[in-house]
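Encoded as structure tokens, the structure appears first; notes follow it.
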Amino acid sequence: MTIRSTARALLLSACAGLALTAASQPARAAGSVEVVHWWTSGGEAAALNVLKKKMEGQGVAWKDAAIAGGGGAQARTVLQARIASGNPPTAMQMLGYVIQDWANEGALANLNDVAKKDGWDKVVPVPLQRFDKHNGAWVAAPAGIHSTNWVWVNKALFDKVGGSVPNSFAEFLALAQKFKEAGVIPLAHGGQPWQEMTVFDGAVVSAGGPEFYKKAFIDLDKAALTSDTMKAAFDQLRKLRGLVDPNFSGRDWNLATAMVIRGEAGMQIMGDWAKGEFAAAGKEAGKDYVCFRYPGTQGTVTFNSDAFAFFKVGKDQQAGQALMAADVLSPDFQVEFSLLKGSAPARNDVPSDRFDSCGKKAIADIKEADARGSLLGSMAHGHAAPEAVKGAVADVVTGFFNSDMSSADAVKKLAAAIDLTR
Ligand code: BGC
């Protein structure tokens, strides 16, 4: 045998081997999908697994591209690099304005065939459609609705200190004081910009109400941004800074949730993905933990909705992509996912009976807020203003939290930073 014929023989036998392996695999009905996301905590991973399993059951191979980092900043950076090198994923977890940015770039696929067939226009709440559709085309499928203005409390500690649900920020501080006196950290906090921003969403509503939040964070009205009301929001943040332990810096959000779960800290101010961590730890709402809205914000919901945005991809991925879009908005997935994730479903026609008291409250609060015009996009999670503005706000809020900057200086800096993005 010559070298060349040996090579050919080897190649032929390798191909035969491949064919055999392929024949012995279960039918791959709809190819494969590669999904970029930042759902790496226990609750997040469990929730995403519902989709992975559903799709694998349909014969679609799931390639997981998890990029750790709560809030998703790291994942968004990786995406940019991938798009720049012409290597988009099939789908990516995406928030609010970022979806519109990629749609404007012409990077996203048109999902109207699936959306029309499954009637998305009728069942997805209108405030979400504004982000998931672009020029009349569906480009993303929402997986659920979260909101940021929540407080999560260890129930045993709450009972021990004789706590009651605070209706005002002053009452919240009084509750925090009780935790302090009982020898526990009043507020579990993770010192990362997006977490400080998450807390600040609630502070702005609490200080000024939904109209003020809208003026300042959605309309970016200069008078509102520099007002005494905005100063009062920073004053709240300053008070909250006094309630955290010395090791807060850089801590991941789920580790802060774990401090509440373990009873090392009394409370955490965080979006309802924290509920997913309680669920993953086997904890029950009303029994092991208590949830209430950031004090003084009941009636308003600062929401963020995780959607899967779908990229323009080659033929090999298109069938899997269409199936994934349909799966994400299927009623059974919407419920199973939200039960584990802590979110409310992104469809207005699915039953809420399997949700616990906090889940039911989330669903009812969203409905009520939507009816009264106080379902407002979260600044912290990209649903109030474009990314550049969000980044400017994050710099000031984090700068404030981690220094002794005065509230008066903070509002000046805030307005100036936002001006630079106009
Ligand atoms: C996402 C949530 C996620 C949280 C923490 C938010 O931006 O919307 O789905 O659980 O970040 O990672």
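Just follow the structure's listing: the first ligand is 1, and inside any ligand the first atom is 1.
- Every atom of ligand 1 with a heavy atom of L95 under 4.0 Å away is listed here by number and element: 7 (O), 8 (O).
- Of all the atoms in ligand 1, the ones that sit under 4.0 Å from a non-hydrogen atom of K341 are 2 (C), 3 (C), 9 (O), 10 (O).
- At a 4.0 Å cut-off, at least one heavy atom of G71 sits close enough to ligand 1 to count as contact.
- Closest to atom 5 (C) of ligand 1, if we only count protein heavy atoms, is E44 OE2, 3.2 Å.
- Here's the thing with W273: none of its N/O atoms is less than 3.5 angstrom from an N/O atom of ligand 1.
- Between G70 and ligand 1, a contact under 3.5 Å exists for no N or O pair.
- A ring pair (Phe, Tyr, Trp, His ring centres under 6.0 Å) with W138 holds for exactly one of F308, F310, W120; it is W120.
- Atom 6 (C) of ligand 1 has its nearest heavy-atom neighbour, among H383, H381, Q93, in H381.
- Ring geometry for F401 against F248 counts as perpendicular: the plane angle is over 60°, on a 0 to 90° scale with 30° as the lower cut.
- Using a cut-off of 4.0 Å between Lys/Arg side-chain N and Asp/Glu carboxylate O, K360 and D365 are scored as not salt-bridged.
- Ring geometry, H37 versus W39: the interplanar angle falls from 30° to 60°, so the pair is classed tilted.
- Between the choices W194, W253, F303, W38, the shortest heavy-atom distance to atom 11 (O) of ligand 1 belongs to W38.
- F131 and Y97 have perpendicular rings, their planes meeting at more than 60° on a 0 to 90° scale where under 30° would count as parallel.
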